[in-house]
Amino acid sequence: MPNTIPATGEAVTKQAHSLNLLDVAAKSGDNVMSTTRRSFLSALPGLAAASAIPVVIAIDGRTAHAAPGPSAIVAGPRENPELLRAYDELIAARAELAEAQDALEWLADEWRHLWPLAPEELLEGANAHQGYPRNDNAERDIIGRFMMRDTADLTNRLNRQFREMNEKQCFNVCTVAEAEKYIANLSRQTPKGRTEKALARDRAWIKDRLAIWNKRLVLAREYEAETARLRHESGVQRVKQQISVAELAVVKSRVEISKIPAFTHEGLRIKAEALKMYSLFDGQIDLGGPLDEAARFIKSVLDVAGNQKSESAQ
């Protein structure tokens, strides 16, 4: 069996030079260096690493084979394939989310001309878009955005000064449930008054209020029926469901990325990119404390990774 010498890839140039000296000494008869089996074999690993072709040298009538070794230029560490897979899934989920959101915006534009404004009789408190407790009844468009409507035509319930100071406003809208509740309370109310005239006045007030609220109830039923019909025909709920599914996929991929270890700087950049998608890192909220420090750290990681990526591309 021939002897197989594994390649180590060390000091190729120096070992080749030593072999040249050995060869010269052997041929010239000088006593500069004695060619021994051990010194000769010690030079083989470097020669094997210097070439992709196996080195075969005869020694004392036997053949010594230097097994082919890896290239002298060794590749650096590779990124975790599981992390790369999760990042690809995150990118795909974000693309699906963006596509669904674009579809929702298109739907809003397509159905805008069919969407009715709530009757003025149903409008209640203003500034419904500013987060007051009753903003769940705020007037909205077909995809659920607050509707800022012109106040110039709302002359029955708004005085001139208010209309001039608030050219556009978002109002709460009286619902069927609210109207029914108010009518029930009025119906149970007993007229009060010490005199017959006072009792008559209270009865008239209750009757007048019931008439107003019964009319509101009819308008509220018509408005809610029409808006429900348009939502059904437009398929807005299906598009919103697609957005919810895509958002869930984004969150799932983001969580998975946080759990998979990174092997390289690119992996750290991927993790930071996934974390940056949270709203608390958008730079618009001053959190203070550890969360604020974490946000700045993540931004620094992204900056460094981005600079390294740009330099490598150049």
Side-chain angles (χ1 to χ4, degrees), residues 104-105 107-241 243-244 285:
L104 190 65
E105 291 293 332
L107 188 147
D109 292 336
E110 189 72 10
W111 290 80
R112 188 189 311 276
H113 66 289
L114 296 175
W115 191 255
L117 290 173
E120 186 174 354
E121 293 86 349
L122 296 181
L123 299 182
E124 296 182 330
N127 297 314
H129 61 294
Q130 295 184 355
Y132 292 113
R134 294 190 61 197
N135 70 346
D136 55 326
N137 293 337
E139 186 176 15
R140 299 172 183 269
D141 64 7
I142 194 170
I143 67 173
R145 298 176 302 191
F146 291 117
M147 290 189 65
M148 304 297 296
R149 58 191 292 173
D150 294 329
T151 60
D153 298 331
L154 303 179
T155 57
N156 292 334
R157 68 182 308 274
L158 300 177
N159 58 46
R160 179 178 179 181
Q161 183 180 3
F162 184 91
R163 296 197 307 271
E164 290 178 351
M165 294 179 62
N166 300 272
E167 294 182 358
K168 289 185 177 294
Q169 263 293 341
C170 180
F171 298 91
N172 284 297
V173 178
C174 175
T175 65
V176 170
E178 186 179 359
E180 290 176 339
K181 181 179 179 181
Y182 206 93
I183 290 172
N185 291 336
L186 283 172
S187 301
R188 291 192 298 267
Q189 188 168 333
T190 302
K192 297 178 183 179
R194 292 184 178 183
T195 64
E196 187 61 32
K197 186 176 181 179
L199 285 172
R201 186 167 56 247
D202 199 40
R203 289 191 193 99
W205 181 86
I206 292 175
K207 183 180 179 180
D208 181 62
R209 298 304 298 173
L210 279 172
I212 292 174
W213 279 98
N214 278 311
K215 182 179 180 181
R216 280 189 171 186
L217 178 59
V218 173
L219 293 173
R221 284 173 175 167
E222 293 176 351
Y223 176 72
E224 291 185 9
E226 178 65 8
T227 54
R229 182 186 69 83
L230 292 175
R231 287 191 184 97
H232 175 72
E233 292 182 1
S234 66
V236 64
Q237 291 303 123
R238 177 181 54 81
V239 178
K240 285 187 173 182
Q241 181 63 27
I243 291 178
S244 298
I285 303 176

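Side-chain atoms are counted along with the backbone in the values below, which use heavy atoms only and exclude waters and symmetry mates.
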Student: Enter the distance from Asp141:CG to Met148:CE here, rounded to the nearest 0.5 Å.
Tutor: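 CE of Met148 is found 12.5 Å from CG of Asp141.
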Student: Measure across Cys170 and Glu139 and return the closest heavy-atom pair with its distance rounded to 0.1 Å.
Tutor: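 That closest heavy-atom pairing would be SG-O, 3.8 Å.
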Student: Hey, does the side chain of Trp115 reach the backbone of Arg140 with a donor-acceptor pair shorter than 3.5 angstrom?
Tutor: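 Checked: pair present.
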Student: Step by step, work out the side chain to side chain contact (heavy atoms under 4.5 Å, CB included) result for Arg163 and Gln169.
Tutor: CA-CA 9 Å; Arg163 296 197 307 271; Gln169 263 293 341; over 6 Å; no
Student: Measure across Ile183 and Leu210 and return the closest heavy-atom pair with its distance rounded to 0.1 Å.
Tutor: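 Taking every non-hydrogen atom into account, O-CD2, 3.8 Å.
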Student: Keeping the roles fixed (side chain from Thr151, backbone from Leu154), state whether a donor-acceptor pair exists under 3.5 Å.
Tutor: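 It does not hold such a pair.
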Student: Once you round to the nearest 0.5 Å, how far does OH of Tyr223 lie from CG of Leu117?
Tutor: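 Nearest 0.5 Å value for the OH-CG distance: 7.5 Å.
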Student: Is it true that a side-chain atom of Glu226 and a backbone atom of Pro116 form a donor plus acceptor pair closer than 3.5 Å?
Tutor: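 Pair absent, no side-chain N/O of Glu226 close to backbone of Pro116.
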Student: Under the 3.5 angstrom rule, does the side chain of Lys240 hit a backbone N or O of Ile143 as a donor-acceptor pair?
Tutor: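 Answer holds: yes.
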Student: Do Glu224 and Arg231 sit within salt-bridge range, that is, some charged N less than 4.0 Å from a carboxylate O?
Tutor: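 Result for this pair is no, no salt bridge flagged.
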Student: Any sub-3.5 Å donor-acceptor pair from Asn159's side-chain atoms to Gln161's backbone N or O?
Tutor: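 Yes: the side chain of Asn159 pairs with the backbone of Gln161.
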Student: Evaluate side chain to side chain contact (heavy atoms under 4.5 Å, CB included) for Glu110 paired with Leu107, printing each intermediate quantity in order.
Tutor: CA-CA 5 Å; Glu110 189 72 10; Leu107 188 147; 5.6 Å; no
Student: Would you find a donor on one side and an acceptor on the other, under 3.5 Å apart, between the side chain of Arg216 and the backbone of Glu121?
Tutor: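 A pair under 3.5 Å: yes.
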Student: Quick one: are Leu123 and Asn172 in side-chain contact, heavy atoms under 4.5 Å?
Tutor: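 Side chain of Leu123 against side chain of Asn172, heavy atoms only: no contact under 4.5 Å found.
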Student: Check this for me, if you would: do Arg149 and Glu120 make a salt bridge, where the nitrogen-to-carboxylate-oxygen distance has to be below 4.0 angstrom?
Tutor: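 Looking at Arg149 and Glu120, the cut-off is not met.
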Student: If you look at every heavy atom in Arg209 and Leu186, which pair is closest and at what distance?
Tutor: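 Distance-wise, the nearest heavy atoms are CB-CD1, 3.7 Å.
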Student: Counting heavy atoms not belonging to Asp153, are there more than 12 under 6.0 Å from its CG?
Tutor: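 Open: at most 12 neighbouring heavy atoms sit under 6.0 Å from CG of Asp153.
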Student: Take atom CD of Glu167 as the centre, draw a 6.0 Å sphere, and report whether it contains more than 12 heavy atoms from other residues, nucleotides or ligands.
Tutor: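 Not more than 12 within 6.0 Å, no.
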Student: To the nearest 0.5 Å, tell me how far Met147 CE sits from Lys168 NZ.
Tutor: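 The distance works out to 9.5 Å.
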Student: If you measure from CG on Leu219 to CG on Asn214, what distance do you get to the nearest 0.5 Å?
Tutor: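 Answer rounded to 0.5 Å: 11.0 Å.
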Student: Give me the atom names and distance for the closest heavy-atom approach of Ala128 to Phe171.
Tutor: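 Result for this residue pair: CB-C, 3.7 Å.
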Student: So which heavy atom on Leu230 is nearest to which on Ile142, and how close?
Tutor: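 Closest approach of Leu230 to Ile142, heavy atoms only: O-CD1, 3.9 Å.
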Student: What orientation do Trp213 and Tyr182 show, parallel under 30°, tilted 30 to 60°, or perpendicular over 60°?
Tutor: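 Answer is parallel, since the angle falls under 30°.
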Student: What closest approach, in Å, do Lys192 and Leu199 show between heavy atoms, and which atom pair accounts for it?
Tutor: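 Smallest interatomic distance, heavy atoms only, reads C-CD2, 3.4 Å.
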Student: Rounded to the nearest 0.5 Å, how far apart are CD of Glu222 and CG of Leu217?
Tutor: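 If we round to the nearest 0.5 Å, Glu222:CD and Leu217:CG are 10.0 Å apart.
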